[in-house]
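Report on one structure; see the data block that follows.
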Amino acid sequence: MRDQPHSSSQQSTLGGLCCGLLAGLAVLLTLPFAAMGFIDDWSYVRTAYDFSRTGHFIYNGWATAMLGWQIVWTAPFLKAFGYSFTVARLSMLPFAIGCGWLLHALLRHSNISNRNAIFGSLTFCLSPLFIPLAASYMSDVGGLFVILLCFYLCQRAVEAQSATASILWLCAATVTNVVGGTERQIVWLGALVVVPSAAWLLRTRRGVVATAVTLWLASIILIFVSTHWFYRQRYSVPEKVLYPPVQQGSVSTAALILERLHTAYIFSKSIFLAVVLFKTFLCLLLILLPILIAWIVVARRLGHHVQVKLGVLALLLGVACWILKMQGNLDNWLMPWLYHVLDSEGIAPTSWDMIGYRPISLSYSVRTALSIIVVLSGAALLLWSVAPREKTVLAPRADWTASWRTLFILYLPYTAAYLVLLLPRGLRFYIFDRYLLGIMPVFILFLLKMYEERVGKSLPAVCYVALCLFAFYGIAATHDLFALNRARVAAVQQVRSRGVPEQFVQAGFEYDGWTEVDQAGYVNESKIGYPADAFHLNVQDARRPVNCRLGFDQYTPALHPRYIVVFTPVWCLEPSGFPPVSYRAWLPPFVRRIYIERVPRPLQDP
């Protein structure tokens with residue numbers, strides 16, 4: 001790969017800048033201001049607060065990420081502008097902007113046209129999956145920035161004209177990645193996989209192999225030291241392949257694996273993992289839809305027989321949805337297929353975060369139609385890929401020098417390693433939708449390059465429509481989540497104004513986690529590595545029925561709720577006398593309410 005011609009460099013620079021600024025603007029448009037946690041970031045913000053005040057990393061029993069440089073970066077902002085969730089979150093905005101710029105640069109250095117590079121970068125940064133994470137203090141976006149930076153530096157190493165320049169680029173990629181991985185451990189795939197992949201491409205250059213081996217060994221040592229340090233911190237939560245039952249906390253991973261080596265267990269887990277991986281694949285197609293939908297348009301060129309196949313598939317999918325609806329199982333097979341971020345954006349009626357039923361913005365009919373479009377887009381891509389007449393490569397432009405072999409060697413080992421590391425999560429629990437952001441840029445790159453070389457230079461108009469709809473939904477849905485959180489804070493303030501102690505008010509997962517740390521110093525998580533006796537079996541709240549308890553209740557033994565903020569009134573609680581709190585949303589229903597319910601005395605903790 002060679003540097004792009006000077007005539008296009010100015011356009012590329014401006015295009016990358018626009019992508020980054022649009023990513024930052026999208027975050028600000030969500031009005032990400034609320035004095036409480038968002039997803040898991042309450043734990044991370046708490047660690048940032050403590051570090052800025054004490055100069056020490058103080059974990060609280062929830063973070064499995066090391067958080068490293070993110071905490072150090074945020075501390076000066078907290079000291080300068082005040083200790084608030086908003087300051088912590090906005091301190092990470094430059095890295096959301098950087099993700100937009102870096103992905104555009106990666107696509108341009110992979111010889112994607114400037115127009116399509118802008119489209120690909122915006123598909124990523126305006127995704128309903130990226131925007132809420134960029135508006136939060138989660139570690140995902142910071143980790144993505146470091147990975148994209150590593151890819152960019154390795155691409156520059158491959159493009160460099162001299163061995164010395166290549167070595168310097170590889171050193172920069174390794175150093176920034178090892179330091180960057182202290183935030184989120186999976187980022188270290190850059191130093192462990194991406195840098196060696198780039199070095200393989202450069203193996204004929206003098207000194208590159210020796211340097212790469214030295215960098216790899218040094219990375220392993222530093223990663224081991226960092227991980228060992230993290231696991232020895234009080235109330236850190238180390239990641240393991242398998243977690244023992246609470247009653248067998250000292251059992252080794254090897255013993256747990258041996259216990260599970262019997263046919264019935266392996267078969268049941270294989271079926272479970274296959275379903276999880278299938279849904280993961282569908283969710284990946286969903287977030288790539290603004291690009292993927294182009295192949296439905298392309299399929300029209302393949303002849304009548306292909307159109308008939310897609311029509312039959314659409315009919316079969318419609319029948320399958322009708323059958324699943326009759327069986328009451330349709331929700332499990334509709335988009336977004338994975339949960340944690342997308343399902344909270346006005347899709348899932350119930351939530352792990354709060355009691356009651358959340359307002360729904362996407363009806364079953366809309367979700368069904370969108371699910372069918374996603375599957376049809378993937379099928380159209382498959383049919384196109386096996387159609388011989390569609391494999392003729394378009395005449396390349398003069399500045400197109402990036403070979404598929406180079407891109408495969410640079411990106412596919414990382415993608416394979418990333419997916420393998422997701423398997424233990426899939427076996428043990430579930431794969432969160434936000435984990436797909438780590439491989440989304442690679443698929444965007446390959447889809448755009450394949451389209452440009454084998455279909456045409458410009459994506460069809462339907463792609464731009466899909467991108468705009470996704471961006472609008474991501475911004476509006478994220479706004480509504482923050483509006484909900486502001487309403488939750490207002491509801492708690494109503495109760496607290498009557499002199500009710502903090503531990504007697506429950507407002508959902510993100511709010512309760514902070515309260516538990518206030519009261520007990522850490523969250524009661526059974527996976528805490530040190531100290532070994534931190535976890536205590538929580539028998540609080542046992543008097544309340546299951547659907548009147550949060551899944552997070554087991555982690556908050558210091559809370560003894562008398563008042564609970566809920567989406568909707570529920571049968572096992574009673575009116576509190578406090579009025580509901582209203583807030584406005586950008587997605588229907590536009591006026592929403594949350595309620596303050598009281599726990600009946602017979603159901604209260606003794």
(message) Any carboxylate oxygen within less than 4.0 angstrom of a Lys/Arg side-chain nitrogen, looking at R488 and E510?
(response)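 Here R488 pairs with E510 in a salt bridge, since their nearest N and O are under 4.0 Å apart.
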Distance from [X] atom [atom1] to [Y] atom [atom2], nearest 0.5 Å?
| X | Y | atom1 | atom2 | answer |
| --- | --- | --- | --- | --- |
| D433 | E345 | CG | CD | 8.5 Å |
| L129 | D140 | CG | CG | 8.5 Å |
| W295 | M450 | CH2 | CE | 4.5 Å |
| Y418 | L189 | OH | CG | 8.5 Å |

(request) Decide yes or no for I528 and V523: does some side-chain heavy atom of the first lie under 4.5 Å from some side-chain heavy atom of the second? (result)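 I528 does not reach V523 side chain to side chain.
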Ignoring hydrogens and angles, write down the donor-acceptor pairs under 3.5 Å from the side chains of residues 267-289, residues two or more places apart or on other chains.
unit_1 : atom_1 : unit_2 : atom_2 : d
S268   : OG     : A264   : O      : 3.2
S268   : OG     : Y265   : O      : 2.9
K269   : NZ     : L427   : O      : 2.6
S270   : OG     : I266   : O      : 2.6
K279   : NZ     : N332   : O      : 2.9
T280   : OG1    : V276   : O      : 2.7

Is the distance from the ring center of [X] to that of [Y] below 6.0 Å?
| X | Y | result |
| --- | --- | --- |
| F130 | F124 | yes |
| Y464 | F119 | yes |
| W101 | F95 | no |
| Y339 | Y430 | yes |
| F552 | F509 | yes |
| F38 | F482 | yes |
| Y414 | F151 | yes |
| Y435 | F432 | yes |

(message) As a test of understanding, state which of T30, V341, V27 forms a side-chain contact (heavy atoms from CB on, under 4.5 Å) with T478.
(response)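 Testing T478 for a side-chain contact (heavy atoms from CB on, under 4.5 Å) against T30, V341, V27 leaves exactly one candidate, T30.
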(request) Have a look at V517 and tell me which of Y522, W42, Y235 forms a side-chain contact (heavy atoms from CB on, under 4.5 Å) with it. (result)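 Answer to the side-chain contact (heavy atoms from CB on, under 4.5 Å) test with V517 among Y522, W42, Y235: W42.
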(message) For W514 and F85, take the angle between the two ring planes, folded into 0 to 90°, and tell me which bin it lands in: parallel under 30, tilted 30 to 60, perpendicular over 60.
(response)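 W514 and F85: tilted rings.
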Can you check whether [Y]'s main-chain N or O pairs, donor with acceptor, with [X]'s side chain at less than 3.5 Å?
| X | Y | value |
| --- | --- | --- |
| W337 | W333 | yes |
| Y49 | Y44 | no |
| T568 | Y357 | yes |
| W188 | V178 | yes |

(request) Any chance you could lay out the side chain to side chain contact (heavy atoms under 4.5 Å, CB included) test for L484 and R592, step after step, and finish with the verdict? (result) CA-CA 9 Å; L484 167 64; R592 306 179 184 183; over 6 Å; no
In terms of side-chain heavy atoms, does [X] have a donor or acceptor partner in [Y] at a distance below 3.5 Å?
| X | Y | value |
| --- | --- | --- |
| E452 | N116 | yes |
| T227 | Q185 | no |
| S226 | T182 | no |
| T86 | S84 | no |
| N60 | S43 | yes |

(request) For Q155 and Y411, run side chain to side chain donor-acceptor pair (under 3.5 Å): C-alpha distance rounded to whole Å, both residues' side-chain angles, the deciding distance at 0.1 Å, then the answer. (result) CA-CA 10 Å; Q155 278 193 326; Y411 289 102; 2.9 Å; yes
(message) I need the single residue from T556, T515, D553 that forms a side-chain hydrogen bond (donor to acceptor under 3.5 Å, both in side chains) with Q506. Which is it?
(response)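 Only one option passes, and that is D553.
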(request) Please test I291 against C463 for side chain to side chain contact (heavy atoms under 4.5 Å, CB included), starting from the C-alpha separation and ending with a verdict. (result) CA-CA 6 Å; I291 298 174; C463 293; 5.8 Å; no
(request) Run the numbers on D41 and R46 for salt bridge (charged side-chain N to carboxylate O under 4.0 Å, His left out), then give the verdict. (result) CA-CA 8 Å; D41 78 353; R46 187 60 173 248; over 6 Å; no
(request) Go through the steps to decide whether Y137 and T74 satisfy the test side chain to side chain donor-acceptor pair (under 3.5 Å), and finish with yes or no. (result) CA-CA 10 Å; Y137 193 65; T74 301; 2.7 Å; yes
Could you list the donor-acceptor pairs under 3.5 angstrom formed by side chains in residues 369-376, with sequence neighbours left out?
unit_1 : atom_1 : unit_2 : atom_2 : d
S371   : OG     : M335   : N      : 2.9
S371   : OG     : R367   : O      : 2.7

